[in-house]
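Have a look at the structure below before the remarks.
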Protein chains: 2
Amino acid sequence: MKEGPDIAQIGSLIGDPARANILTALMGGRALTATELAAAAGVTLQTASAHLAKLEAGGLLAQRKQGRHRYFTLADDRVGKLLEGIMGFAASRGHLRHRPGPKEPALRKARICYDHLAGDYGVRMLDSLVEAGAISVMGEGLNLTAQGEKHLGSIGIDVSGLRSSRRPLCRSCLDWSERRAHLAGSLGKALLSNFFDKGWARRTENSRSIFFTPEGERRFLALFPIEIGDGKPEPELSEKP
Amino acid sequence: MKEGPDIAQIGSLIGDPARANILTALMGGRALTATELAAAAGVTLQTASAHLAKLEAGGLLAQRKQGRHRYFTLADDRVGKLLEGIMGFAASRGHLRHRPGPKEPALRKARICYDHLAGDYGVRMLDSLVEAGAISVMGEGLNLTAQGEKHLGSIGIDVSGLRSSRRPLCRSCLDWSERRAHLAGSLGKALLSNFFDKGWARRTENSRSIFFTPEGERRFLALFPIEIGDGKPEPELSEKP
DNA sequence: GAGATGCTTCGGTTACGATCGAAGTATGAA
DNA sequence: TTCATACTTCGATCGTAACCGAAGCATCTC
């Protein structure tokens with residue numbers, strides 16, 4: 001009837017609550033089994049199986065068979081970006097499934113956004129890197145400076161190795177909780193991995209929130225000293241431009 | 001059950017074919033009446049009315065009463081950006097509602113993307129501006145150079161007036177047909193308006209395609225001489241990064 | 001006022017898809 | 001081989017929402 005890409009198909013894929021739960025759970029970035037996803041979605045295994053088949057047919061999910069387990073992940077980081085975009089939009093409209101439970105504060109503080117750090121700490125990290133002159137902001141783009149490359153090298157990040165990937169090194173990702181930018185791209189991923197490797201932080205079970213050890217938190221805050229609210233006076237996002 | 005923004009709600013809003021048609025029609029940027037949208041969606045007026053009410057309640061649409069007509073538009077350009085993002089994703093997955101009709105070529109050549117120029121001509125325009133040094137590319141961000149400001153001023157674009165808007169001046173927008181960037185933001189809008197004002201081009205009825213007059217086409221191609229395929233050797237987007 | 005147009009609301013039908021129980025297949029463990 | 005676990009397929013049920021006809025408001029024209 002009409003020309004153009006079929007947005008209704010992926011809309012309806014995301015539109016089912018059970019499937020939305022599955023996708024949200026996979027935004028945590030790690031591969032999950034069908035059983036785990038069924039629990040996350042709040043449906044039985046059979047139902048989840050049907051949903052997973054549809055999501056995979058729709059190109060949103062990829063699966064990897066391993067023994068008698070079947071691990072699912074988001075198909076690629078474009079899916080993660082798409083979902084984060086929708087989440088940001090939904091949050092800005094106030095379409096929050098508001099259950100201000102005890103987990104909320106932890107999520108706002110530090111959580112994983114597909115594969116990089118988001119939340120308060122994510123924003124703080126980017127702001128600090130910009131303030132320190134490690135990253136320069138060009139409109140909506142981010143660039144790692146030579147000084148930044150040296151600085152990150154001293155922390156233990158091999159930037160030249162990251163450059164060889166096809167994935168952009170720096171990308172800014174708008175946070176639905178903070179509505180401010182944090183660092184995505186291969187560098188964002190590398191930094192978060194680095195924190196995990198050093199034992200500063202670890203993932204929490206069945207949640208997207210990230211737990212910092214006391215020592216790790218101290219180190220992180222010292223390394224990225226710019227408080228949220230300092231730095232650039234980024235304008236509030238207005239509802240009606 | 002879960003934390004975070006409710007992506008299922010807007011997913012299901014977009015997921016219905018009739019509503020998707022309505023939204024796609026409104027991507028044309030102009031305000032349309034309920035009757036027109038009903039025709040575009042292929043449903044009766046009553047059904048369309050119900051859909052429009054839902055879309056408005058969901059914050060995707062805004063309406064403006066004018067006499068006995070009710071004009072609908074996308075709520076703001078964030079909605080347009082969201083939809084274009086989904087379209088781009090859908091196109092990359094091959095979820096095309098493939099009806100390679102006669103209108104397709106016109107759409108690929110030049111069409112409106114919410115309020116700016118997209119398609120072949122949109123890509124050509126941006127490429128040419130970059131090649132001419134009017135716009136510099138920084139990662140994913142675009143910046144208008146001083147030289148570019150002067151250049152555009154000579155065409156009849158008042159850049160300083162655009163700067164006063166809260167909307168970003170330059171933004172790159174990824175095209176679902178070309179899979180290459182074209183110019184969005186207030187500057188993109190101003191350029192397209194400029195072409196309309198000069199009579200180089202006009203919108204076509206009930207379509208997102210843009211019709212160039214022979215004279216206008218000549219002028220446009222002379223002003224933006226870089227062919228698609230020239231310029232920067234932007235790598236193909238790969239499916240699996 | 002009367003009539004026409006644009007749109008909404010109401011009521012009833014229908015169809016699709018989400019759901020789960022039960023049975024079937026595959027892989028691993030004992 | 002036997003049993004257990006992980007998952008899929010089948011079949012049937014059920015609820016919801018999309019849909020349209022008809023009637024009801026609202027606004028404009030005459």
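Proteins come first, then strands; the chains are lettered A, B, ... in the order of their sequence lines, and each starts at number 1.
Spacing between atom CG of B/Leu45 and atom P of D/dA18 amounts to 17 Å, rounded to whole angstrom units. Atom CG of A/Leu13 and atom C1' of C/dC16 are 15 Å apart (whole Å).
Under 4.0 angstrom from either OP1 or OP2 of C/dA26 there lies no side-chain N or O belonging to A/Arg70. Proximity of B/His69 to the phosphate of D/dA26: no side-chain N or O atom is located under 4.0 Å from OP1 or OP2. Contact annotation: B/Thr44 reaches the phosphate of D/dC20 (side-chain N/O to OP1 or OP2, under 4.0 Å). In terms of phosphate contacts, A/Lys65 brings a side-chain nitrogen or oxygen within less than 4.0 Å of OP1 or OP2 of C/dT27. Here B/Thr47 reaches the OP1 or OP2 of D/dC20: one of its side-chain N or O atoms lies under 4.0 Å away. When the side-chain nitrogen and oxygen atoms of A/Lys54 are compared with OP1 and OP2 of C/dA18, one or more of them lie within a distance under 4.0 Å.
With hydrogens and angles ignored, the 3.5 Å screen pairs a side-chain donor or acceptor of B/Arg203 with a backbone N or O of B/Gly28. Judged purely by atom type and a 3.5 angstrom limit, B/Thr213 uses its side chain to pair as donor or acceptor with the backbone of B/Gly216.
Among the nucleotides C/dA18, C/dC7, C/dG6, the one closest to any side-chain atom of B/Arg68 is C/dG6. Distances were taken from every side-chain heavy atom of B/Thr35 (C-beta onward) to each of C/dC7, D/dT8, D/dC20; the shortest belongs to C/dC7.
Within 4.0 Å (heavy atoms only), A/Ala18 reaches sugar-phosphate atoms of the nucleic acid but no base atom.
Under the 3.5 Å distance criterion, with hydrogens and angles disregarded, no donor-acceptor pair is assigned to the side chains of B/Arg64 and B/Thr73.
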